[in-house]
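Throughout, protein chains are lettered first and strands after them, A, B, ... in sequence-line order, and every chain is numbered starting at 1. Side-chain atoms are counted along with the backbone in the values below, which use heavy atoms only and exclude waters and symmetry mates. Just so it is clear, the model here is predicted, and its values are computed rather than measured.
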Amino acid sequence: MWLSKCSVIFGLFGSLHSDRKIHPGFDQSSWKQQITASTDLQSAMTDPQLVTQNGGPNHDADMESKTNLIVNYLPQTMTQEEIRSLFSSIGEVESCKLIRDKTTGQSLGYGFVNYKLQDDADRAIAQLNGLRLQNKTIKVSLARPSSESIKGANLYISGLSKTMTQLDLETMFSPAGNIITSRILCDPTTGLSKGVGFIRFDQRYEAEKAINTLNGTIPEGSTEPITVKFANQPSNSKNVLPVTMASYLSPARQRGFLGPIHHASTGRFRFSPLDAGLVPNPLISATSPTISAAGPGPGWCIFVYNLAPETEENVLWQLFGPFGAVQSVKVIRDFQTQKCKGFGFITMSNYEESLMAIQSLNGYTLGNRVLQVSFKTSNRKSP
DNA sequence: CGACGGGACGC
DNA sequence: CGACGGGACGC
């Protein structure tokens with residue numbers, strides 16, 4: 001049993017980075033130790049009586065068999081097939097899904113594994129929860145039935161006494177509802193509490209209740225009131241790329257669209273791709289940095305719509321190249337299918353040339369499709 | 001009909 | 001003072 005699982009794990013991850021060296025001659029007990037050690041660590045830091053354990057709340061009397069697992073804290077590089085392979089060492093896997101960012105394809109660090117048999121699901125929790133992979137300790141627990149009511153149930157708590165433990169925190173919040181996870185942030189070097197933490201409840205209304213009852217209150221034995229609010233939505237923008245990536249970008253690229261774009265397109269300056277033939281007034285757009293996200297800057301960004309699913313970059317180069325200096329082209333594709341999503345972007349160096357390209361190519365028939373070509377509109381992100 | 005990415009913290 | 005995890009519900 002252990003031997004077979006170990007060989008699977010070693011085969012999968014032996015070549016990946018690990019904070020712990022794995023020697024080819026390791027014996028099965030070392031793996032067992034590793035896994036047990038992390039479990040012990042968890043229980044040493046926290047009281048198993050109170051601190052949330054793997055399954056989350058008991059949805060007692062559920063008729064459906066509990067075969068579906070959620071796996072959290074997966075290493076960034078781990079693929080769906082590697083997850084499937086790992087969990088297949090326990091029993092037959094009905095389905096397996098790694099959740100990825102829709103547009104970038106980056107792993108979001110969690111996934112679902114559904115077993116054929118509940119027995120296997122139980123054993124997967126028992127044997128794989130707490131398993132250390134690379135620099136992560138994965139968490140394996142029963143997935144809750146998916147529902148709207150469990151979303152947005154994560155709280156951010158600040159103003160905690162530095163002496164407060166995870167257990168103290170859970171004790172304080174457990175009256176409000178079922179706690180799924182809790183955490184107190186610590187300084188990585190000193191290991192001391194930073195006085196902030198997180199609590200994820202099972203249900204959003206439980207989180208709301210906690211805000212209503214605990215925000216602004218002073219915990220027993222403390223002197224300062226705590227702040228309890230909904231946590232930020234996890235943003236995928238940070239820590240994904242190595243910092244060194246920036247140095248590979250050209251200076252012009254680095255200047256890109258940084259900096260505030262406060263009064264981006266209001267009313268009369270907004271360019272709609274549907275307004276065929278409408279182009280920016282050169283006098284305005286060439287001199288005002290706030291008119292359009294198309295430019296100015298390192299170039300003029302052009303939006304082209306109605307591309308065929310099979311469209312490749314070289315087509316855009318050929319299409320726009322004759323009009324002048326093309327800096328870059330990009331076909332936007334669906335991550336899963338790798339098919340073009342119907343649009344793309346072209347950045348050209350010179351305003352006059354990009355204008356000519358737009359005027360000439362808007363309405364142009366490519367294949368059996370009539371293209372719509374315009375300056376890219378401003379970013380309509382509204383955080 | 002619609003449809004607008006990815007890039008990133010210095011001055 | 002603020003501080004936002006080891007991106008937890010199907011991207």
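A/Gly344 comes within contact range of no nucleotide atom at all, as no heavy-atom separation falls under 4.0 Å. Residue A/Gly109 is in base contact, counting any heavy-atom pair closer than 4.0 Å across all strands shown.
Rounded to whole Å, atom C1' of C/dA8 lies 13 Å from atom CG of A/Leu98. Per the geometry, CZ belonging to A/Arg204 stands 12 Å off P belonging to C/dC9, to the nearest Å. A/Lys194 places its NZ atom 16 Å from the P atom of C/dC1, with the value rounded to the nearest Å. The CD1 atom of A/Ile138 sits 14 Å away from the C1' atom of C/dA8 (whole-angstrom rounding). Look at CD1 on A/Ile184: it is 16 Å from P on C/dC4, rounded to the nearest Å. C/dG6 atom P lies 4 Å from atom CZ of A/Arg183, rounded to whole Å. Atoms CD1 (A/Ile70) and C1' (C/dA8) sit 4 Å apart, rounded to a whole Å. The separation between A/Phe345 atom CZ and B/dG5 atom C1' is 5 Å, rounded to whole Å.
Residues A/Lys162 and A/Leu160 form no side-chain contact, since every pair of their non-hydrogen atoms from C-beta on lies 4.5 Å or further apart. For the pair A/Ile157/A/Phe173, a side-chain contact is recorded, criterion being any heavy-atom separation below 4.5 Å from C-beta on.
Nearest to the side chain of A/Phe198, among C/dA3, C/dA8, C/dC4, sits C/dC4. For A/Leu108, taking side-chain heavy atoms from C-beta onward, the closest of the listed nucleotides C/dC9, C/dC11, C/dA8 is C/dC11. In this structure, the nucleotide among C/dA8, C/dC4, B/dG5 sitting nearest to the side chain of A/Phe343 is B/dG5. Nearest nucleotide to the side chain of A/Tyr73, out of C/dA8, C/dG10, C/dA3: C/dA8. Comparing C/dG10, B/dG5, C/dA3 by their nearest atom to the side chain of A/Lys151 picks out C/dG10. Comparing C/dG10, C/dC9, C/dC1 by their closest approach to the side chain of A/Lys97 singles out C/dG10. Distances were taken from every side-chain heavy atom of A/Ile99 (C-beta onward) to each of C/dC1, C/dC11, C/dC9; the shortest belongs to C/dC11. The side chain of A/Phe112 sits closest to C/dG10 out of C/dA8, C/dG10, C/dC4. Candidate nucleotides B/dG5, C/dG10, C/dA8 were compared by shortest atom distance to the side chain of A/Ile332, and B/dG5 ranks first. Residue A/Lys139 has its side chain nearest to C/dA8 when only C/dC9, C/dG10, C/dA8 are considered.
Nearest heavy-atom pair, A/Gln76 versus A/Gln106, reported as atom, atom and distance to 0.1 Å: OE1-OE1, 3.1 Å. Residue A/Trp317 comes nearest to A/Pro322 through the heavy atom pair O-CD, 4.3 Å, listed as atom of the first residue, atom of the second, then distance.
With its glycosidic angle more than 90° from 0, B/dC11 adopts the anti conformation. The glycosidic torsion of B/dC9 lies within 90° of 0, which places this base in the syn conformation.
Screening A/Val315, A/Thr347, A/Val373 against A/Phe320 for a side-chain contact (heavy atoms from CB on, under 4.5 Å) leaves a single residue, A/Val373.
Ring planes of A/Tyr351 and A/Phe375: parallel class, angle under 30° (limits at 30 and 60°).
The same atom, C1', is picked in B/dG5 and in C/dC11; the two are 16 Å apart, to the nearest Å. For the P atoms, the distance linking B/dA8 with C/dA8 amounts to 23 Å, nearest Å.
Between the side chain of A/Asn68 and the base of C/dG10, a donor-acceptor pair under 3.5 Å is found.
Note on A/Ser158: every side-chain N or O is 4.0 Å or more away from OP1 and OP2 of C/dA3.
Between the side chains of A/Gln166 and A/Ser182, at least one donor N or O lies within less than 3.5 Å of an accepting N or O.
Between the side-chain ring of A/Tyr110 and the base of C/dA8, no stacking contact exists by the 5.5 Å and 30° definition.
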